[in-house]
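Here the structure is laid out as structure tokens; the discussion comes afterwards.
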Amino acid sequence: MKNNLFIYNTLTRKKEEFKPLNPKHVGLYVCGPTVYGDPHLGHTRPAITFDILFRYLKHSDYKVRYVRNITDVGHLESDGDTGEDKIAKKARLEELEPMEVVQYYTDRYHSYMDQLNVQKPSIEPRASGHIIEQLQIVEDILAKGLAYESNGSVYFDVEAYNKDHHYGELSGRNIEDLLSTTRELDGQSEKRNSFDFALWKKAAPEHIMRWPSRFSEGFPGWHLECSAMSARYLGTEFDIHGGGMDLLFPHHECEIAQSTVCNGHTPAHYWMHNNMITIDGQKMGKSLGNFITLEQMFSGEHEKLEQAYSPMTVRFFIMQAHYRSTLDFSNEALQASQKGLDRLLEAFGKLDQLTASDASTFSVQELKDKCYAALDDDINTPILIAHLFDAVKNINSMLAEKATLTSSDLSELKALMQNMVVDILGLSAAESNSSEGNDELLSETINLLLNLRIDAKANKDWGTADKIRNELQALGVEIKDTKDGFDWSIK
RNA sequence: GGUUCCUUGGCCGAGCGGUUAGGCACUGGUCUGCAAAACCAGGUACGGCGGUUCGAGUCCGCCAGGAACCUCCA
């Protein structure tokens, strides 16, 4: 299947037609989490955004290699490059081996991603497993004269790089701005310029995570891992690089500078950045401490949460906004998403009950074209969802015998809904309503009661009929009367 | 301070110069024993002030308010 995908490229600030380097293959690299804390709502944004891209590319018959890293080394605590490694700090506090912390939070991250129905990337490399590759890049940049050694650490020489290249091309900055706006921080005496960034850092005595190198016992600079791992698994030139907008500068800018020195060109053709999730109008983030973890979202145990929200509700909530817009958290918005999702999945589940007619009263082809057009337009999931609600309306109209489809149109509709709802958006009915665990006995019991209610209704015994309905509802069984009987589900 | 971006109906959220976005909530109707669900119908929004244009949430300028990045952050 051919698509006509356009994606917004941060590099050019325009929507561009997506043309992969190799006609049938796509290389996709996305910055993954730093595993020193529990995943929160903010982490779902890139995970879900690029999950949909991944799914859509595969749906379009590309062979996709999706690489999403785990950062388990090298992130420094505040105060520029003088702080201590985040993971090492956490480890000391909890008296754990650093890798124990990494393992724990990596497992947690995976578990929550599974619940959100985020597909696993093709490769999930760890920074700590690629120290050699990172050191090779350090050597390469040093050899090309664009880095310097200082007191056992190695720094990238931004000023020298900027003579032949534009440091800031991705984030729209220039070196003069950076000079005038960078603050004076302590411990920067090792650097020639405040905007230089570390390629290798000598480890302080208390620093636990360290590796030997010819410069010092130390650890790689943060920006290096993505350059090293993307090159290793996708090549020095690949299609798409994604991540959160907050990584645009300096992280991705530095990545570009490093890779450009080593390979002579930018690593990725398309740079995609998802926007932030906000809470009370402010970015939800670790440093601000205003985040809600996924554990809290799913359990409802947080002061800002009026109730628990299922993973599918969270997923749907994320998709109802375009990935490049901020999305504000609120209970009202989540509750609206939950209801909308229920309605969508309810209709989806009823597709099998539809029967064909001689004629079609609405155009499935048109619906299909609109759905693909929405996806092709920079993965516009809110528009896609709007079209899916048109489908919901049509499905319900058919159930009410107010609309019809020919048998070929009907199978088209079923295929389309399967493709869009399940394959691409990754929504699953099983996750949404907890109808699991309603075993045979329970089902038969409820059926028995509802059949008794039918009898009561036939006898115009409204008291008994309403009692059965109300008490079942109080127990969480949702009852819908239909033309030829009843329909129920467990809430 | 520098750079970039945002401000849409009760709420959330699309929109990229000219036709109803959509969801949730609300109101009326149909259906129902009554409900629920579903269907039909309804409200006509675009921060303020100018400008460009036959025509502007949509382009330009100014003003007001808010945010992100400039330090780790998805």
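Quick caveat: nothing in here was measured; it's all calculated off a predicted structure.
Between A:Lys370 and A:Ala400, the residue anchored closer to the 5' end of RNA chain B is A:Lys370, taking for each the nucleotide with the nearest heavy atom. Mapping A:Leu288 and A:Leu327 onto RNA chain B by nearest heavy atom places A:Leu327 closer to the 5' end of the strand.
Within the structure, every side-chain polar atom (N or O) of A:Ser171 is placed at least 4.0 Å from both OP1 and OP2 of B:C70. Under 4.0 angstrom from either OP1 or OP2 of B:A74 there lies at least one side-chain N or O belonging to A:Thr34. The shortest distance between the side-chain N/O atoms of A:Asn396 and the OP1/OP2 oxygens of B:C39 is below 4.0 Å.
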* **Intermediate values then yes/no, side chain to side chain donor-acceptor pair (under 3.5 Å), A:His130 and A:Tyr233** => CA-CA 11 Å; A:His130 298 75; A:Tyr233 300 110; 2.6 Å; yes

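Judged as a salt bridge (Lys or Arg N to Asp or Glu O under 4.0 Å), and not counting sequence neighbours, the contacts of A:Lys368 are A:Glu412. For A:Arg55, the side chain to side chain donor-acceptor pair (under 3.5 Å) partners are A:Asp51, not counting sequence neighbours.
When the C1' atom is compared between B:U32 and B:A37, the two are found 11 Å apart, to the nearest whole Å. Between the C1' atoms of B:G51 and B:U58, the separation comes to 15 Å (whole Å). Using atom C1' as the reference point in both B:G48 and B:G66, the two lie 15 Å apart (nearest Å). When the P atom is compared between B:C5 and B:G9, the two are found 23 Å apart, to the nearest whole Å. Look at the C1' atom in both B:U7 and B:C12: the space between them is 15 Å, to the nearest Å. Atom C1' of B:U8 sits at a distance of 6 Å from the matching atom of B:A45, rounded to the whole Å. A distance of about 10 Å separates the P atoms of B:C16 and B:C59, rounded to the whole Å. Comparing the same atom, C1', in B:U3 and in B:C26 gives a spacing of 44 Å after rounding to whole Å.
As judged by a 4.0 angstrom heavy-atom cut-off over every strand, A:Ser287 is placed among the base-contacting residues. Among the atoms of the strands shown, only primed sugar atoms or phosphate atoms (P, OP1, OP2) are found under 4.0 Å from some heavy atom of A:Ser325. Across all strands shown, A:Ala333 has heavy atoms under 4.0 Å from sugar-phosphate atoms exclusively, and none from any base. Counting non-hydrogen atoms under 4.0 angstrom, A:Gly42 reaches a base of the nucleic acid. Heavy atoms of A:Met276 sit under 4.0 angstrom from at least one base atom. Residue A:Asn174 is classed as having no contact, given no heavy-atom separation below 4.0 Å to the nucleic acid. A:Ile277 comes within contact range of at least one nucleobase, with a heavy-atom separation under 4.0 Å. No contact: A:Leu248 has no heavy atom under 4.0 Å from any strand. Contact annotation for A:Lys15: base contact, defined as any heavy-atom pair under 4.0 Å involving a base atom. Looking at heavy-atom distances under 4.0 Å, A:His322 makes contact with sugar-phosphate atoms alone, never a base.
Ring geometry for A:His241 versus A:His252: interplanar angle over 60°, hence perpendicular rather than tilted (30 to 60°). A tilted orientation is assigned to the rings of A:Phe298 and A:Tyr112, their planes being inclined by 30° to 60°. Ring-plane geometry between A:Tyr323 and A:Phe50 is classed as tilted, the angle between the planes lying from 30 to 60 degrees on a 0 to 90 degree scale.
Taking only side-chain atoms of A:Pro382, from C-beta outward, the nucleotide of B:A68, B:C70, B:A21 with the closest atom is B:A21. With distances taken from any side-chain atom of A:Arg173 to the nucleotides B:C40, B:G2, B:A74, the minimum falls on B:G2. The side chain of A:Asp390 sits closest to B:G22 out of B:G2, B:G22, B:A74. Nearest to the side-chain atoms of A:Pro250 among the listed nucleotides B:C72, B:A21, B:A68 stands B:C72. Among B:A14, B:C72, B:G22, the nucleotide with an atom closest to any side-chain atom of A:Phe389 is B:G22. Each of B:C11, B:C69, B:A21 was ranked by its minimum atom distance to the side chain of A:Ile383; first place goes to B:A21.
One can place CG of A:Leu354 at 15 Å from P of B:A38, the figure rounded to the nearest angstrom. When rounded to the nearest whole Å, the span between NE2 of A:His387 and C1' of B:A21 equals 8 Å. Taking atom CD on A:Gln320 and atom P on B:G22, their separation rounds to 13 Å, with Å as the unit. The interatomic distance linking A:Ile385 (CD1) with B:G23 (P) rounds to 11 Å, in whole Å. Here the C1' atom of nucleotide B:U19 and the CD atom of A:Glu366 are 14 Å apart, to the nearest Å. We find that CG of A:Asn290 is positioned 12 Å from P of B:A67, with the value rounded to whole Å. Following rounding to the nearest Å, A:Ile279 (CD1) and B:A68 (P) show an atom-to-atom distance of 13 Å. The CZ-P distance, from A:Phe249 to B:U3, rounds to 14 Å in whole Å.
What you find for A:Phe54 and A:Lys120 is that their closest heavy atoms are CE2-O, 3.7 Å.
Its glycosidic angle being more than 90° from 0, B:G17 falls on the anti side.
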Solution key, residues 278-293 of chain A side-chain donor-acceptor pairs under 3.5 Å, sequence neighbours excluded:
from: A:Thr278; atom 1: OG1; to: A:Leu327; atom 2: O; distance (Å): 3.4
from: A:Thr278; atom 1: OG1; to: A:Asp328; atom 2: OD1; distance (Å): 2.6
from: A:Asp280; atom 1: OD2; to: A:Lys304; atom 2: NZ; distance (Å): 2.7
from: A:Lys283; atom 1: NZ; to: A:Asp246; atom 2: OD2; distance (Å): 3.3
from: A:Asn290; atom 1: OD1; to: A:Gly285; atom 2: N; distance (Å): 2.9
from: A:Asn290; atom 1: ND2; to: A:Lys283; atom 2: O; distance (Å): 2.8
from: A:Thr293; atom 1: OG1; to: A:Gln296; atom 2: N; distance (Å): 3.1
from: A:Thr293; atom 1: OG1; to: A:Gln296; atom 2: OE1; distance (Å): 3.2

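Under 4.0 Å is where a charged nitrogen must lie from a carboxylate oxygen, and between A:Lys202 and A:Glu190 no such pair does. Comment: A:Asp342 does not engage A:Lys339 in a salt bridge, judged by the lack of any side-chain N to carboxylate O separation of less than 4.0 angstrom. Using a 4.0 Å cut-off between charged side-chain N and carboxylate O, A:Asp390 and A:Lys370 make no salt bridge.
Remark: A:Arg173 is not positioned above the aromatic ring of A:Tyr167, lacking an NZ or CZ atom under 6.0 angstrom from the ring centre and at most 45 degrees off the axis. Annotation: cation-pi geometry satisfied between A:Arg324 and A:Tyr8 (NZ/CZ under 6.0 angstrom from ring centroid, within 45° of ring axis).
A donor-acceptor pair under 3.5 Å links the side-chain atoms of A:Glu253 to the main chain of A:Leu170, judged by distance alone. No donor-acceptor pair closer than 3.5 Å links the side chain of A:Asp376 to the backbone N or O of A:Phe6.
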* How does protein contact run along nucleotides 27-37 of chain B, one letter per nucleotide 5' to 3', with B for base contact, S for sugar-phosphate only, - for none, heavy atoms under 4.0 Å? -> ------BBBBS

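Stems are defined here as 3 or more consecutive Watson-Crick or G-U wobble pairs with pairing distances under 3.5 Å; those involving RNA chain B are B:1-7 with B:64-70, B:10-12 with B:22-24, B:26-30 with B:38-42, B:47-51 with B:59-63.
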Show me the protein contacts with nucleotides 41-47 of chain B, counting only N or O atoms at under 3.5 Å.
none

